[in-house]
Amino acid sequence: MSTIASTAPQQQPRHALRAPIDPTWANFVGLISAAALLFAFLFAPWYWGEVKYNGARLMSEVLVDRPYGQYTSAMIILIPLAALGTVLITLWGLNSPERGKLASFGTSLFGLIALFYFLDFYALQDNELIDQYVQTSSGFTIALVAAVVLLGQAVLLHPWINEGLFRLSETGSARLPAVPAWLIPYLFLAAPLALYVVWIIAPTIYTFYLSLTDWDGVSSPRYIGLKNYKDLFAHRSFTEALGNNVRWLAVFITVPTTLGLALALIFNTEMRGGKWYKVSFYSPLVLSGPVIALVWSWVYHPSKGLINPLLVDSGITSSPPGWLADRQIAIYCIIVAAAWRQVGYVMVLYLAGLKNIDPTLLDAGLVDGTNRWQLFRYIIFPLLAPVTTIIVIISIIDSLRAFDLVQIMTRGNQNTEVLANLMYMEAFNNYRMGYGGAIAVILFSISVVFVGLYLWRTLKDELEY
Amino acid sequence: MATVANLTRPGERAEQRRKLVFAAIKYGALTALTLLWLVPVFSSLITSFRTMDDISINGFWSIPSEVTLDKFQEAWKAARIRQYLLNSFIITIPSLAGMLFLASLTSYALARFRFRGNLFIYFMYVAGMMLPFQILLLPVFRLVNRLGLYDTYAALILIHTAFQLGFCTFVMRNFMRTVPGEILDAARVDGCGEFRIYWQIMLPLSLPSLAALATLEFTWVFNDFLWALILLQSDALRPVTAGLATLQGQYVTDWPLITAGALLATLPTVFVFVFLQRYFIQGLTLGSGK
Amino acid sequence: MLVLALVMLPVSLSTQAQAPEYITYNSMNSDPLPRALDEEVVQLWNERNPTLPVEHSIIAHEDFKQAIRAYLTAEPSPDVLTWFAGNRARFFIDRGLILDTSDVWEEYGFNDTYAPGFKALATVDDKQYFLPTSYYWWAVYYRPSLFEQAGITEIPETWDDLLAACDAFNEAGLYPFTIGTKYRWTTAAWFDYINMRVNGPEFHLDLMLLKESYTDERVAAVFDYWKQLFDHNCFLPDPAAYSWQEALDFMIQGEAGMYLMGGFITDSYPDEMEDDLDFFRFPIINPDVPIGEDAPTDGLFMAANARNPEAGKQFLAFMGSQEVQQMAFDEMGRLPTRTDVDVSAASEAVQKGINLIQTADNVLQFYDRDTTPPMADAGMDGFMAFWDNPDSIDTILADLDAERLRLLEAGDTGE
C-alpha cells in the first residue's frame with residue numbers, strides 16, 4: 001500500500017483518477033482480507049494450537065468422514081470458497097475502477113457466505129463434542145475477523161469515508177518521505193526472494209555441507225571430510241546407478257529427439273485431422289509419473305499383461321522376456337515408458353521452432369530444385385539448431401532427474417538403480433543422510449555443466465547488451 | 001478429389017493418383033502409429049472396466065465376459081481416490097496462486113528496472129529451475145520439521161511455490177520485457193505509482209503468459225510425487241500421486257482397480273489439457289527459452 | 001492496515017475447553033483381512049474412547065517399510081507404529097528413535113502375561129521398547145490336489161525328495177514353486193532355510209550377527225544347494241515381476257504346486273479353497289544339524305518423538321491386551337504372544353503350525369529381522385543377483401563380505 005502512495009508527492013494531484021467514489025480502497029481491503037482468510041485456512045492452526053489442525057485439513061476430514069470432521073461444521077467448505085471468490089472478484093474489480101463498486105458488493109456477499117460457517121458453528125451446532133473439546137485457535141480467529149471485514153468493507157464506499165480516505169492518503173503520502181527510486185525494485189523482490197533463498201538457495205548450499213558429514217538424521221551431523229565421496233566410488237550401487245543414468249541419457253537424447261522431430265516435420269504441414277494426431281502424441285505429457293509407471297507396469301506384466309500373452313498366443317515365442325523382471329532389459333523398459341512421455345514434449349518444441357522458420361527460405365530451396373531430404377538436411381535442420389540444442393540439454397537434465405518411474409516400477413531393484421533413487425534410498429531408507437547428500441552433490445555437479453550450457457544459451461543475448 | 005481428377009489430362013491424373021496413394025499410405029501409417037502410441041492408455045481403460053477374474057482366466061486379449069463400473073466406484077470410495085484428489089486440489093490451487101503472484105512481482109522488478117544484481121538474481125532463478133530437486137531433499141525435510149510443518153498441506157504448498165518460482169519468473173520476465181516501455185512510461189508520467197503500474201497495466205498485459213503458466217504449472221504441481229512422499233505421513237493428506245503409488249501396494253493383484261484409480265487420478269489434468277491445450281503448449285514453448 | 005491490525009489483535013474466542021487428545025497410529029496391515037481386523041480394533045477403541053480417538057493411517061506394507069524411517073525422524077512422529085521384532089526394531093532402538101515403554105509393561109502386567117521369550121525380544125538393556133503382538137511360522141505350503149495331479153504321494157522330507165517333487169511337477173507341466181521376488185524378501189526365506197538345514201541354526205545366527213564371513217565356504221555351499229533348485233527348474237519364470245500376493249495367484253489357479261511362505265498366506269488365500277491347502281516343514285538336508293525354524297514376531301512400538309506419548313501408551317496397552325490378542329487369534333488365527341489367550345479353539349492347521357515351531361531346536365526370526373538392516377539390504381540384493389546369474393556367486397559373496405566389514409568397522413553389528 002505504501003508503494004501506491006509513495007510516488008504521489010512529486011506529482012500533481014491526480015484529478016483524472018479521482019472518481020467521485022474510489023472503490024480501490026474497498027477492493028484492496030477485500031483482497032487483503034481474502035488473503036488473510038486463505039492464509040488462516042491453510043497455514044494457521046484452526047483448533048488446538050497446532051498447525052496440523054488447519055482449516056484445510058478439517059475441511060477434507062469433513063468431506064470424507066474422517067475423525068476430526070466431527071469437531072467442525074460441515075460448512076467449513078464455505079471458507080475457501082469465499083476466499084477464492086473474493087480474490088477473483090476483487091482482482092477483477094481492481095483492474096478497472098468502474099467495476100470496483102460491483103466487486104465490493106460481491107465481496108460483501110462472499111463475506112456473508114463465510115460468516116455462515118461461524119454462525120453454524122456457534123449457534124446451530126448441536127454437538128456435545130464441539131462444546132466440550134473444541135478450542136479455537138488463531139486460524140479460526142483470523143478467519144472470523146477476516147470474514148467480518150469482508151462483509152463490512154463496502155462501508156469504505158460511503159462518500160464521507162471514501163473522501164476521508166482519499167485525503168488521508170494524499171496528506172499521508174505527503175508527510176511520508178518518498179521511497180527512493182533505487183529501493184523500488186528491491187521492494188518488489190523482497191518477498192519472493194526471501195522465500196526463494198530460504199527454500200531453494202540455502203538448502204542447496206546446506207546439502208554441500210551435509211555431504212561432508214556423517215549424519216543419520218537423528219543426532220547432529222559429524223564432519224568427516226571427503227569420506228562419503230571416497231565410499232561412493234567403491235560402492236557398486238553407485239556405479240550401477242551412474243551407468244543407468246548414462247543409458248537413460250543416451251536413449252533420451254537420441255530416440256525421443258529424432259521421433260519428436262520426425263513427427264513435428266509431418267505435422268508442420270497442413271493436413272486433415274492433424275490436430276487429433278498431434279493431441280494423441282502429446283497427451284502422455286499430462287500424465288503423472290505414478291500413472292505412467294502403473295500403466296506401463298501393467299503393459300509389461302509377464303503373465304497377464306499386454307505384450308506377453310500376445311507374443312505367446314501368436315506363436316512368436318513360447319518363452320517371452322520377463323520385461324521388468326529381467327535384469328538385462330528392465331532399465332530399458334523403464335526408459336521406454338519415460339521416452340513415451342518425452343516424445344510429445346520434443347514434438348511441441350520442434351513445432352514451435354518450425355513455425356519460426358521463414359517460409360520464403362523453404363520456397364527458395366524448392367525452386368532451386370533441391371529434394372526434400374536436401375531441404376531438410378541443409379536448410380531446415382541448421383535453422384533448427386538452437387531448438388535442438390535446447391532439447392538436448394533439457395533431455396539430459398530430465399534424464400538426470402529420473403526418479404518416480406524407477407521408484408514405483410522397480411524401486412531400483414533389478415539393476416535399475418538411478419542416482420536420484422539411490423540418493424532417496426540411502427538418505428531416507430538407510431539413514432545415511434550425509435552419504436545421500438554426497439550423491440545429490442554429484443548429481444548436482446553433473447547437472448551444473450548442462451545447466452551452465454543452457455544458461456549460456458538463453459542468457460547470451462542478455463549478457464551482450 | 002474425384003471431380004478434379006476427371007477434369008484434368010491423363011498425365012496429371014496419374015500424378016493425382018500417385019498423390020492419393022501417397023496420402024493414403026501416410027494416413028494409414030500415422031493412424032497405426034497413433035493407435036500403437038495410445039495402446040497403454042486404451043488398455044488401461046479396457047482393463048478398468050473388467051474384472052481380474054475375467055482377465056486371469058481368459059487373458060487380456062479376449063472379449064470381456066462382463067463390463068462393469070464397479071472398479072471405478074471401488075477406487076473412488078474404498079480406495080479413497082476421492083480424498084486424494086481433494087487433497088491434490090487443496091495443495092495445487094494455493095501453490096499456483098502463490099507462485100504466479102510472487103513470480104509476477106519478481107519479473108516486474110527484473111524486467112523493468114536496471115539495478116545492481118538484476119542479472120545475477122535472474123540467473124539464480126533460471127539456474128534454480130533446472131537443478132535436480134534431490135539437492136534440496138534433506139535440508140527441506142529438516143527445515144519443514146523445524147518449522148513444525150511436517151505432515152501439513154502448508155509444507156507442500158510452500159515448497160511448490162518456492163520451487164516453481166524459478167520457472168515462472170523465467171517465463172514472465174521474458175514476456176514482460178516484450179511489453180513496450182512507452183506504455184509504462186506514459187503511466188509513470190501520469191503519476192501512477194510503481195505498484196499501480198504493475199497492478200493495473202503490467203498484469204493485465206501479461207495475462208497470456210499467466211494463463212500459459214497457470215495451465216502448465218497446474219499439471220506439474222498436481223503431478224508431483226516426490227515431495228508428497230517425503231513431507232507427508234498421514235494417509236488423510238496424501239495427494240493423488242502418492243495415493244496411487246500406495247494403491248499398487250494395497251491392491252497388488254487387482255489391476256482393474258489400479259488402472260481405474262489411475263484413470264480417475266488423471267481426470268483433472270486431462271480436463272485442463274483438453275480445454276486449455278493452447279495455453280499448455282504455449283507454456284511449454286515459452287519455457288524452453290525460445 | 002486496518003485489517004492487518006485487526007488480524008494481529010490477540011482476540012481469543014476460545015471456549016476454554018480442554019484440548020482433546022489424539023493418538024496417531026500408522027500401520028502396515030494393508031492386505032484385506034489384516035486391514036479389516038486392524039480397523040475393527042481401532043474402531044472398538046474409538047467407540048470406547050470418543051474423546052481420545054485414534055487417527056489411523058494404513059500404509060501399504062512395502063511402502064510402510066520404506067517410509068518408517070521418515071516417520072520416525074519427523075517431528076512429531078506418529079505415536080504408535082507397527083513393526084517387526086529383532087534387529088529391524090533394534091536398529092531404531094539403538095538410534096534412540098523408540099520410546100521406552102517399560103512402564104506399560106509394568107503397569108498393565110505384561111511382565112507376567114507375556115511369554116518370557118517374547119519379553120526378551122522386546123527388551124534392550126532391561127527396558128522394553130517393543131510390544132510383540134503375534135507371530136507366525138514359515139513352511140512349504142502346497143496343494144494336495146496338485147500333488148496328486150503330479151503323482152507325488154509322499155510329502156518331501158529330504159532334499160532329494162524335494163528335487164524329485166520338482167521334477168514330477170515339471171513333468172506334469174506345472175511350476176513346482178511359485179515365488180514373487182519383486183520386493184526381494186521372499187528370496188531371503190530360501191537362504192535362511194537352506195543355510196539352517198545345511199549349516200545349522202547356530203552358524204546361521206552367527207552369520208546374521210556378522211560374526212561369520214560371507215566368504216566362508218559353508219556359505220558358498222548354501223548357494224550350491226540353491227543352484228540345484230535352478231537346475232531342476234523349481235521356480236516359475238520371471239518371479240521379479242511379482243509381489244508375493246501376485247505369485248500366490250499361480251497357486252490358486254493351479255499352475256504352481258508349492259510356495260515357501262509364512263502363515264499369513266491364508267489371509268490372501270480364498271477361503272473356499274483352504275481345504276486344498278496344507279504345509280510341511282522345509283525338508284532336512286543335513287540330518288546332523290539341529291532343526292531351525294523361522295517364526296517372525298510382529299508387534300508395535302512407539303516413536304521417541306511421539307506427539308502424544310501418554311495417550312499413545314494407553315492405546316499400546318490396549319493393543320497388547322488379552323482381548324485384542326484373542327480377537328486376532330479367533331478371527332485371523334494369529335498366534336498370541338500372551339500366555340492367557342485361549343487357543344483351545346485352534347484349527348487343525350494352526351495346531352500343526354504351533355507344533356512345527358515347538359518341535360524345532362532353534363527358533364529364529366527371519367533374515368531381515370535377524371541381521372542388521374543395511375546387511376539385510378545388501379544380502380537381499382545379493383540373492384536377487386544370484387537368482388539372475390548363479391555363476392556370479394563368488395563376486396556377490398565378496399561384495400557381501402565387504403559390506404559386512406564396513407558395518408563392523410562402523411560398529412553397526414546389531415548386537
Side-chain angles (χ1 to χ4, degrees), chain A residues 3-4 7 11 14 42-43 51-52 56 60 63-64 66 95 184-185 188-189 192 195-196 199-200 203-204 206-207 210 277 280-281 286-291 294-296 298-299 304 306 309-310 348-349 352 390 397 400-401 403-404 408 420 423 427 433 437 440 443-444 447 451 454-455 458, chain B residues 30 34 37-38 40 43-44 55 59-61 83 86 90 94 102 105-106 108-109 113 115 126-128 130-132 134-136 138-140 148 152-154 159 162 165 191 193-196 200 204 219 223 225-226 236 241 244-245 248 255 258 262 265-266 269-270 273 281 284-285 288-289:
Chain A
T3 34
I4 293 186
T7 45
Q11 321 295 342
R14 286 173 276 115
L42 290 167
F43 296 97
V51 184
K52 186 180 169 190
S60 102
L63 291 178
V64 296
R66 275 175 167 268
N95 261 317
I184 294 174
F188 274 97
L189 281 172
L195 189 77
Y196 199 71
W199 288 86
I200 310 291
T204 306
Y206 192 61
T207 303
L210 280 183
Y277 289 110
S280 309
F281 283 102
V286 297
L287 303 183
S288 63
V291 168
L294 290 178
V295 164
W296 280 85
W298 174 228
V299 170
K304 294 174 187 136
L306 265 60
L310 201 63
V348 169
L349 298 185
I390 295 286
I397 290 167
L400 289 172
R401 282 178 175 184
F403 169 76
D404 10 9
I408 295 174
M423 184 263 157
M433 301 271 185
L443 200 58
F444 178 88
S447 303
V451 172
Y454 181 89
L455 286 179
T458 48
Chain B
L30 264 184
T34 312
W37 203 250
L38 294 177
S43 68
S44 308
I55 295 175
F60 177 81
W61 298 99
Q83 180 176 5
L86 180 71
I90 295 180
L102 292 177
L105 282 178
T106 317
Y108 185 73
F113 297 97
F115 58 94
V126 183
M130 307 295 287
L131 290 178
Q134 278 76 13
I135 194 95
L136 307 175
L138 300 169
V140 166
T152 59
Y153 295 119
I159 185 68
L165 266 187
E194 277 303 335
F195 191 79
R196 206 161 206 163
Q200 294 192 336
T219 36
N223 286 344
F225 170 60
L226 181 80
T241 43
L244 259 190
Q248 196 198 11
W255 282 98
I258 295 170
T266 317
T269 45
V270 167
F273 178 67
I281 302 299
L284 280 183
T285 326
S288 75

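Proteins come first, then strands; the chains are lettered A, B, ... in the order of their sequence lines, and each starts at number 1. These numbers were taken from a predicted model, which means no experiment stands behind them.
- Counting heavy atoms from C-beta on, the side chains of A/V348 and B/T285 come closer than 4.5 Å.
- Of the atoms belonging to A/M423, it is side-chain heavy atoms, and not backbone ones, that fall under 4.5 Å from chain B.
- With a 4.5 angstrom heavy-atom cutoff, B/L131 touches chain A via backbone and side-chain atoms both.
- Heavy atoms of A/W296 lying under 4.5 Å from chain B belong exclusively to its side chain.
- Ranked by heavy-atom pairs under 4.5 Å with chain B, the list A/Y206, A/F444, A/F281 is led by A/F281.
- The part of A/F403 that comes within reach of chain B is its side chain, from C-beta onward, which places non-hydrogen atoms under 4.5 angstrom from that chain.
- Counting heavy-atom pairs closer than 4.5 Å to chain A, the top residue among B/Y153, B/W61, B/F113 is B/W61.
- When every heavy atom of B/Q134 is checked against every heavy atom of A/A420, the shortest pair comes out as NE2-CB, 3.0 Å.
- Taking 4.5 Å as the limit, some side-chain heavy atom of B/L136 sits within range of a side-chain heavy atom of A/I200.
- Listed by chain and residue number, A/V299, A/L306, B/F60 satisfy the side-chain contact (heavy atoms from CB on, under 4.5 Å) test with B/S43 (two or more places apart in sequence, or in another chain).
- With a threshold of 4.5 angstrom between heavy atoms, B/W37 approaches chain A through its backbone and through its side chain.
- A distance-only check finds no donor-acceptor pair linking the side chain of B/T219 to the backbone of A/V286 [under 3.5 Å].
- Between A/F188 and B/F195, some side-chain heavy-atom pair lies under the 4.5 Å cut-off.
- Heavy atoms closer than 4.5 Å to chain B are found nowhere in A/L400, neither backbone nor side chain.
- Taking every heavy atom of both residues into account, A/S60 and B/I90 meet most closely at CB-CD1, 4.1 Å.
- Between chain A and the options B/V270, B/I159, B/L30, B/I55, heavy-atom pairs under 4.5 Å are most frequent for B/L30.
- Within the 4.5 angstrom heavy-atom criterion, atoms from both the backbone and the side chain of B/I281 approach chain A.
- Note: B/L138 leads B/T241, B/T266, B/L138 in heavy-atom pairs under 4.5 Å with chain A.
- Ranked by heavy-atom pairs under 4.5 Å with chain B, the first of A/V291, A/L210, A/I397, A/L63 is A/V291.
- In this structure, chain B has heavy atoms under 4.5 Å from both the backbone and the side chain of A/L287.
- B/T106 and A/Y196 share no side-chain donor-acceptor pair at under 3.5 Å.
- Considering only heavy atoms from C-beta on, B/V126 stays 4.5 Å or farther from A/V451 through its side chain.
- The two atoms that bring B/Q83 and B/A236 nearest to each other are NE2-O, 2.8 Å, heavy atoms only.
- Only the side chain of A/S447 comes within less than 4.5 Å of a heavy atom of chain B; its backbone N, CA, C and O stay farther away.
- Ranked by heavy-atom pairs under 4.5 Å with chain A, the list B/A109, B/P204, B/G148, B/P40 is led by B/P40.
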